[in-house]
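Structure record follows, encoded as structure tokens.
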Amino acid sequence: MELPEECWESIFSFLEHHRYFEPLSLVCKRFLSITNHLRRSLTITDPTLESLPHLLLRFPNLTAIAFRDFHGNLDSVLSLISQSGLPLTSLDVSCHKCFPLLGLKCLASKIRILTDLNCSNIGSLKDSDLIEIGNCFPSLEVVDISYPDHGCGFSPNGSLDSKSFSGLVTDYGILGLASSLRRLRKIDLSGNTFITDQALVSLSSNCMFLTEIGIRDCDFITQNGIALAIRKTGNLKSIFMNGIGIPSLDVCFLDSFSYSRSLCELDLSNSFISDELLCLVAEANLLLNKHVLSRCFCFTFDGIYFLLSKYQFLAYLDLEGANFLNDESIIELAKFFGNLTFINLSLCSKLTNSTLFNLTGNCPLLTIINMERTNLGVEAFPAEIVVNPRVKSLHLGWNNNLNDECMKMASYVCPNLEVLDVTYCSGITEEGILEVLKSCVQIRCLEISRCQGVNNLELDFELPKLEVLQAEGLAINDEALASIGKRCGRLSRLNLEGCLNVTARGVEGVIVNCKALKEMNLRWCNNVSVDIVAWMVLSRPSLRKITLPCGSVPTANQRNFFLRHGCLVCQG
């Protein structure tokens, strides 16, 4: 008896990403129909444009659309989407030159249930655009207008003229937005350098459900304004800021944490904080589970020790650049790390092997460890080594002393590793990398770019789950590349930038065997002829982006040919 469609939908729903739907859709028409209806997100690029009308019909339940590497007319595409009848709730139009006002108005005329809008890094964003966003999409709950691109807003003498000022985001625009978005829960204002404390007053007064505020690099927002927002926004759970404490910490800011009982996430990156502030945060008895002190100054071991002793339920801790930390101090702090799932200790130059393996041994829930630019590779391993099957990601780049012995120990301690980044670790050779790959069969992402000791990487065993390989600047040759193609059947992204020994023969081996390949970077692979690109696009339909060797410039006809086949070909 055949399973009902609802059962198949429940089974397929367990797949963690829609990219796994593609092989299922090839099994039979029924599976194709089911996976089409389960697809919830779509990324639109230049190659997607020609087939977009078909895709909007094929996936009738899309709720999220994002634009990436798209250089077409955003307004016209949004108008097309508005006619689709999709139950769209999330839209990402970030990183575009112009704000698509006409397209968003057209979309709003048909789809007014949008709850999440990302307009970060967008050009020409101004107050009137924010007011239109509020009018068009009153149901918005999440808005990102961070870091607008106003590269032309200044006069030759460096001052801002009145004409340019009218093309910026100010308190007036934030007031208009806040007045319309009564359901707003999260907003990122970072990089809007001309808003002031009044913007926070508008948000805290109008948006009663506000739980998250981002105000990094907002030069005219003061500690008084932040303190007022913390006091008045009763549901505030997350706030991220930077540059606090210059020239000093205000009393009102220090006292504000005692009023923020709901605060769960606090990010004070790049700030001059003090032990006094850490003690006040500790004594506020918050529900803190995420604390970021990345690249902060003026606090000491005593301050962070007291804070962590009060918040032993922290899950996320970022202490990047806390240079006073050493192996002994981490052993002391690890007593409070029982619930940590993420820790960042990058740029803590006194930390060695001892810290890495004490963390894996004493933090049973830890899944992600960042220790870039530390002193890994120095000092002996701890006497007691404990296997930690929970660790999934190790980011250990720019550690020149890191060696094969440490890699072998890491592969033993972290058998379920999925992500390994050892970029610019010159002491590692292919022996250490191969040992990790043999022991950690769950590896999905391997970043070994600029590891000068890795001269080749010939595989004689299967890597069934490897999807991303960053191998920039390595001395691998065609034979090694062919072995990667044969052994890594699920490879989707391959970066070979600066691999000077690679030729068309090695590239052919990857194209023939990697049926899921989507992106390949061949910049500075000057022994690879541009003549092979058309064959690559035709032979591997899954390809979506190819970066050509330097000096290779496709003609307009060639670009159009590649785009018709769904692949963006970029000049190296």
Side-chain angles (χ1 to χ4, degrees), residues 99 119-134 140 143-155 158-182 184-208 210-236 238-257 259-260 263 266-273 277:
F99 181 75
C119 296
S120 63
N121 297 104
I122 207 160
S124 308
L125 189 67
K126 51 189 180 295
D127 285 342
S128 59
D129 296 328
L130 298 190
I131 293 169
E132 288 294 344
I133 288 174
L140 279 174
V143 174
D144 187 346
I145 53 170
S146 61
Y147 297 100
D149 183 6
H150 292 295
C152 300
F154 292 86
S155 61
S159 63
L160 192 70
D161 56 37
S162 58
K163 183 178 179 181
S164 297
F165 191 79
S166 65
L168 295 172
V169 172
T170 69
D171 295 338
Y172 178 73
I174 302 301
L175 173 61
L177 186 69
S179 300
S180 299
L181 302 184
R182 300 292 180 172
L184 189 66
R185 293 186 298 108
K186 300 179 181 181
I187 188 165
D188 191 351
L189 305 173
S190 300
N192 285 283
T193 53
F194 290 93
I195 62 173
T196 71
D197 294 347
Q198 188 58 45
L200 296 184
V201 172
S202 298
L203 288 167
S204 58
S205 301
N206 290 282
C207 306
M208 297 296 103
L210 196 63
T211 61
E212 180 176 301
I213 303 175
I215 45 173
R216 295 190 185 102
D217 299 312
C218 295
D219 298 339
F220 292 120
I221 289 182
T222 69
Q223 294 179 48
N224 282 335
I226 297 169
L228 183 65
I230 291 175
R231 289 173 183 241
K232 290 191 65 177
T233 312
N235 294 313
L236 192 64
S238 174
I239 185 167
F240 42 99
M241 62 192 102
N242 60 6
I244 302 301
I246 302 172
S248 61
L249 290 167
D250 294 343
V251 174
C252 62
F253 179 75
L254 292 171
D255 291 343
S256 64
F257 293 102
Y259 295 87
S260 185
L263 199 64
L266 178 61
D267 184 341
L268 299 167
S269 299
N270 295 289
S271 295
F272 286 82
I273 62 173
L277 172 60

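Below, all heavy atoms of this structure are taken into account, side chains as well, without hydrogens, waters or symmetry copies.
Judged by distance alone, with hydrogens and angles left aside, the side-chain atoms of E212 form no donor-acceptor pair with the main-chain N or O of D188 at under 3.5 Å. Looking at N242, its side chain does come within 3.5 Å of a backbone N or O of D217 through a donor-acceptor pair. A distance-only check finds no donor-acceptor pair linking the side chain of D250 to the backbone of C252 [under 3.5 Å]. Looking only at distances, no side-chain donor or acceptor of Q198 sits under 3.5 Å from a matching main-chain atom of D171. For N235 (side chain) and M208 (main-chain N/O), a donor-acceptor pair under 3.5 Å exists by modelled atom type. In this structure a side-chain-to-backbone donor-acceptor pair under 3.5 Å is present from D127 to T170. Counting only distance, with no hydrogens or angles, the side chain of S271 and the backbone of S269 share a donor-acceptor pair below 3.5 Å. Put simply, the side chain of S205 never gets that close to the backbone of S202: no donor and acceptor are under 3.5 Å apart.
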Item to complete: Show the numbers, then the answer: is there a side-chain contact (heavy atoms from CB on, under 4.5 Å) between L210 and K232?
Response: CA-CA 11 Å; L210 196 63; K232 290 191 65 177; over 6 Å; no
Fill in: Full working for side-chain contact (heavy atoms from CB on, under 4.5 Å) between L189 and I145
CA-CA 6 Å; L189 305 173; I145 53 170; 3.7 Å; yes
Discussion item. Applying side-chain contact (heavy atoms from CB on, under 4.5 Å) to L228 and D197, what does each step give before you reach the verdict?
Written reply: CA-CA 9 Å; L228 183 65; D197 294 347; over 6 Å; no
Worksheet item: Does the side-chain contact (heavy atoms from CB on, under 4.5 Å) test come out yes or no for I187 and L177, once each step is laid out?
Response: CA-CA 11 Å; I187 188 165; L177 186 69; 4.0 Å; yes
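Here the closest non-hydrogen pair linking S190 and F240 is OG-CE1, 4.2 Å. Closest approach of A178 and L203 over heavy atoms only: CB-CD2, 3.9 Å. Considering every non-hydrogen atom in both P148 and N192, the closest pair reads CG-OD1, 3.2 Å. Nearest approach of L181 to G134, heavy atoms of both residues: CD2-CA, 4.0 Å. Taking both residues in full, the closest heavy atoms of F99 and C119 are given as CE1-SG, 3.8 Å, listed atom of the first, atom of the second, then distance. The minimum heavy-atom distance between L175 and S179, with the atom names listed, is O-OG, 2.7 Å.
Looking only at side-chain heavy atoms (C-beta outward), N121 and D149 stay at 4.5 Å or farther from each other. Between V251 and Q223 the shortest side-chain heavy-atom distance does not fall below 4.5 Å. Side-chain contact between L268 and L277 is present, with at least one heavy-atom pair separated by less than 4.5 Å.
Taken to the nearest 0.5 Å, the CG atom of L200 stands 11.5 Å off from the CG atom of N224. Taken from CG in L236 to CZ in R231, the straight-line distance is 13.5 Å, to the nearest 0.5 Å. Here CZ of F220 is found 11.0 Å from CD1 of I195. Values are rounded to the nearest 0.5 Å. Rounded to the nearest 0.5 Å, atoms OG (S204) and CD1 (I230) are 11.0 Å apart. The distance from the CD1 atom of I226 to the CD1 atom of I215 is 4.0 Å, given to the nearest 0.5 Å. Interatomic distance, I239 CD1 to R216 CZ, rounded to the nearest 0.5 Å: 11.0 Å.
The environment of Y172 atom OH is sparse: at most 12 non-hydrogen atoms of other residues, nucleotides or ligands sit within 6.0 angstrom.
A donor-acceptor pair shorter than 3.5 Å can be found between the side chains of S146 and D144.
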